[in-house]
Amino acid sequence: MSFGNKLGIHILLFLITTFIACTDNDIQENNNNLPPKDEPTPPQEEAEKHLFDILNLDYPGLEEIKSLYKRDENDAAMQKLLTYYRSRTAIENPNLTATLNDTEQGYADYAIDEYRFYVNDNYLEDKDRKIPYSLKSNGQMINWQFAPEGADNEYQKQLHRHNWIPMQGKAYQKSKNEKYMLSWKEVYTDWILKNPKPNGKPDKFQWHQLQMSTRIMGQTESFEYFKSSPHFTPEWLSFFLIHFAEHADYLSMYKYSGENNILLSQAVALVFAGTLFPELKNAPQWQKTGCEIINDQTTKLFLEDGMTNDLSLHYHIGIVDGLYDLKRLIQLNKLPDNLLSPQLDETLLKATKVVMHFTYPSYFEKGSKQCSPAFNDSWIKTRSVLNKNFAKYAAMFPEDSELKYMQTYGNEGTLPDSRIKTFEDSGFYVLRNGWTPESTMLILSNNISSKLQDSSHNQLDNGTFELYHNGRNFFPDSGVCSYMKEDDAEVMKLRRWFRQTKAHNTMVLGKSEDHEDIGAENISKAEGKLLLKEENADRQLIVTKNQGYNDFKHRRAVFYIKQPTEFFVLVDEGFGTATGYAKLYFHLCGETSVNNIILDSQEAGAHTTFENNNLLIRSFGNQAITLKPFDGRISYQTDRKYSTRKAYSLVMKKQRSIPVRYITILYPVSKVSNQKISAKFTDDPSNSNHVSIEVTIGNQVYPLSFQLKH
């Protein structure tokens, strides 16, 4: 049996005995000032030997420890090492915080109560009261294989990240209640005992790179929060450092394949490990490996336009956050500037501007809950979450007045402009008229990606859009709903429903007039391209194309008319030799708005019936259009739960080599009542590079056109 397992068994038996003898109340009342001598200690002989194998005793500050060790005074050396760590001030962790909200306090306590370990907000036994699932099994035993009934693989993955332990550390700092320290010792020892490091490459769950990275980051915090505890003994310090080094050594051996958020998290964790525990022999190698990965991946992970190659705003924000933490770590600990590529700052500034331009104007209204789009595998960000990130961006780039404007909700800094923003390398395009909550904003997603498999964070949604107007998102993305679980057909079916092309506001090619099976109408390629951008004070125009099928190309033009009347016009055209049915899908509002959506089949459109702030939708074509109602869905969690919403498709028959052409008017109004809207093509259909239409709203005629160079 390995040293770690032997030591783990001794600690575990002691802690189980302690917890059987004491209730939580006993611990809270009696353990706050329990001296170390009252706690039995596990056998030390192997611990001492292994600990001094991994320490760099020549590190400045460890001179006395080295001297004691050479004199075989190991107990004294270990005690001195603990004293050293408790008193060191030259090493600073930028992630330490005294902030602990009520929810986090609850998670810290639930981890003691029947081993209810917080994984994330998607996996709670009681979401209203925010109670996690219990891992208690056979009396006091922890079942690390537990997963809630029907949960996808993500539960087990995130369980092994130990997200609740840093919360317990902050709870300990706040209360000095030893129950949190004792819980950490019991639970972490149990985890080490039951989840030994693999002999070969990382596994899928316990020792996967992302799980290891997250545990390391949490351990760097927990160590600092707990190290003043009387129960943080020299023996526990040995146990902690040995397994911390085990984590970092193993993580540095296996670089995650591909350029993505997992590889970056691995790199950041290694730099943190090497910087915050420089007393360990392999710390310089951890730091060097992490920096090499980051410098190599800067231009691979980020596209030239600033978006990360996962094409998910959710993961994009997480990656930028990790790099912010890394820069803070380097600054606080006065590390050499040349550890990281000078190109990183330029890349990070672009990345922060992606977040800024993707932010809906509702961000500037107190209490807003939906302030970002949800394209691909993303979750809507609230006002407070975005502001925390903008505060970090402003700290990284204090001279940037636009980021200061976002950080201060517009009280300081410079208002970002409202011109068209194109992110051509990733395929996102933003049209807006301002930054106040009443403003209007449309984001078009027409991605460029080779990642189309189920595990990809990029969905099969090219050409889709979201439209925000005066506080309401009229075409929110369908969402995610589920991650992968290869051995569960129902979970995979659910994930594929939300990933499929027809679950988005775009065009598909089908074999029949009706809605087909999940995935049957999916695009096979994501090769979005910008064809044209034009704007002046009154209008904005974006034209993109998407060769989603080998024999069928979707071209979408978006006209944004700002004045004298505000409205959008979509011109959707399908070209190619394909035959079948071209279907234009629209998914309206959210789950709470079903009764406010009226489908107008005879007018090939729909309208909303809110008290104010409504939208009228009308479509016209170069041939007959049939409206087919569709049962839409919406979900911004990964708990496999979703709500239904109203959606529909507009169907035209696609004949060989003859284009299908749609005109759709999106007309914001306070009240929908007797608005007269019409539209028609006025161009020569044989000239596919020139489009000319005429839109009539009331008595006002709007001639609109564009000319492509080729």
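Atom NZ of K255 sits in a sparse spot, with 12 or fewer heavy atoms from other residues, nucleotides or ligands closer than 6.0 Å. With a 6.0 Å radius and a threshold of 12 heavy atoms from other residues, nucleotides or ligands, K369 has its NZ atom at or below the threshold. The number of heavy atoms from other shown groups lying within 6.0 Å of CG (D517) does not exceed 12. Around CG of N595, the count of heavy atoms belonging to other residues, nucleotides or ligands within 6.0 Å does not exceed 12. The 12-atom threshold is not exceeded at CD of Q602, counting heavy atoms of other residues, nucleotides or ligands nearer than 6.0 Å. Heavy atoms of other residues, nucleotides or ligands lying less than 6.0 angstrom from CG of N689 number more than 12.
Between D572 and R555, no side-chain nitrogen of the basic residue sits less than 4.0 Å from a carboxylate oxygen of the acidic one, so the salt-bridge criterion is not met. By the 4.0 Å N-to-carboxylate-O rule, R495 lies close enough to D377 to be salt-bridged with it. Under a 4.0 Å N-O distance rule, the pair D683/R661 qualifies as a salt bridge.
A tilted orientation is assigned to the rings of F375 and F428, their planes being inclined by 30° to 60°.
Shortest non-hydrogen contact noted between P416 and W435 is O-NE1, 2.9 Å. Of all non-hydrogen atoms in V543 and A557, the two that sit nearest each other are CG2-CB, 3.9 Å.
Side-chain contact, E566 with T440: a donor N or O sits under 3.5 Å from an acceptor N or O. With no hydrogens or angles considered, no side-chain donor-acceptor pair links Q459 and N376 at under 3.5 Å. With 3.5 Å as the limit, one finds a donor-acceptor pair spanning the side chains of T664 and S619. The closest side-chain donor-acceptor pair between S670 and N612, if any, does not fall under 3.5 angstrom. A donor-acceptor pair shorter than 3.5 Å can be found between the side chains of S686 and D684. Under the 3.5 Å distance criterion, with hydrogens and angles disregarded, a donor-acceptor pair is assigned to the side chains of S478 and R645. T506 and T464 share no side-chain donor-acceptor pair at under 3.5 Å. For the residue pair D538 / Q563, a side-chain donor-acceptor distance below 3.5 Å is found, with atom types taken as modelled. A donor-acceptor contact closer than 3.5 angstrom is absent between the side chains of Y642 and Q637.
Taking the salt bridge (Lys or Arg N to Asp or Glu O under 4.0 Å) definition, one finds that E304 meets it with K350, sequence neighbours left out. When the side-chain hydrogen bond (donor to acceptor under 3.5 Å, both in side chains) test is applied to H314, the partners found at least two apart in sequence or on another chain are K381. For T347, the side-chain contact (heavy atoms from CB on, under 4.5 Å) partners two or more places apart in sequence, or in a different chain, are T298, F302, Q343. Every side-chain contact (heavy atoms from CB on, under 4.5 Å) that S705 has, sequence neighbours left out, goes to H690, S692. In this view, N470 satisfies the side-chain hydrogen bond (donor to acceptor under 3.5 Å, both in side chains) rule with no residue, not counting sequence neighbours. Not counting sequence neighbours, the partners of K553 by the side-chain contact (heavy atoms from CB on, under 4.5 Å) test are K545, Q547, F575. Partners of E694 by salt bridge (Lys or Arg N to Asp or Glu O under 4.0 Å), not counting sequence neighbours, listed by chain and number: K680. Considering only residues two or more places apart in sequence or on other chains, N614 meets the side-chain hydrogen bond (donor to acceptor under 3.5 Å, both in side chains) condition with T608. Evaluation of the side-chain contact (heavy atoms from CB on, under 4.5 Å) rule for K353 yields L349, M356, H357, D400, E402, L403 as partners, not counting sequence neighbours.
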Would you check, one step at a time, whether the test salt bridge (charged side-chain N to carboxylate O under 4.0 Å, His left out) holds for K583 with E516? CA-CA 11 Å; K583 306 173 188 179; E516 299 178 40; 3.4 Å; yes

Applying side-chain contact (heavy atoms from CB on, under 4.5 Å), run through V651 and I625 and close with a yes or a no. CA-CA 6 Å; V651 184; I625 298 175; over 6 Å; no

Chi angles and distances behind the side-chain contact (heavy atoms from CB on, under 4.5 Å) call for L570, Y662 = CA-CA 8 Å; L570 308 181; Y662 294 86; over 6 Å; no

Please test I518 against K493 for side-chain contact (heavy atoms from CB on, under 4.5 Å), starting from the C-alpha separation and ending with a verdict.
CA-CA 8 Å; I518 296 173; K493 181 179 179 181; 3.7 Å; yes

Determine whether C589 and I597 satisfy the following criterion, side-chain contact (heavy atoms from CB on, under 4.5 Å), listing intermediate values before the conclusion. CA-CA 8 Å; C589 299; I597 309 297; 3.7 Å; yes

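Sorted by first and then second residue, the salt bridge (charged side-chain N to carboxylate O under 4.0 Å, His left out) pairs involving residues 419-438 (not counting sequence neighbours) are D417-R419, D417-K421. Within the structure, every pair that satisfies the ring pair (Phe, Tyr, Trp, His ring centres under 6.0 Å) test and touches residues 503-543, not counting sequence neighbours, is listed here: H515-Y585, H515-F630. Residues in residues 592-617 take part in these salt bridge (charged side-chain N to carboxylate O under 4.0 Å, His left out) pairs, two or more places apart or across chains: D600-R618.
Between T308 and L303 there is no side-chain heavy-atom pair separated by less than 4.5 Å. Counting only heavy atoms from C-beta outward, the side chains of S643 and R633 never approach each other to under 4.5 Å.
Of the candidates K300, H316, H457, K451, N309 forms a side chain to side chain contact (heavy atoms under 4.5 Å, CB included) with just one, namely K451. Across Y560, Y702, F559, a single residue satisfies ring-ring contact (aromatic ring centres under 6.0 Å, His included) together with F567, and that is Y702.
Note: F358 and F423 meet the aromatic proximity criterion, with ring centroids under 6.0 Å apart.
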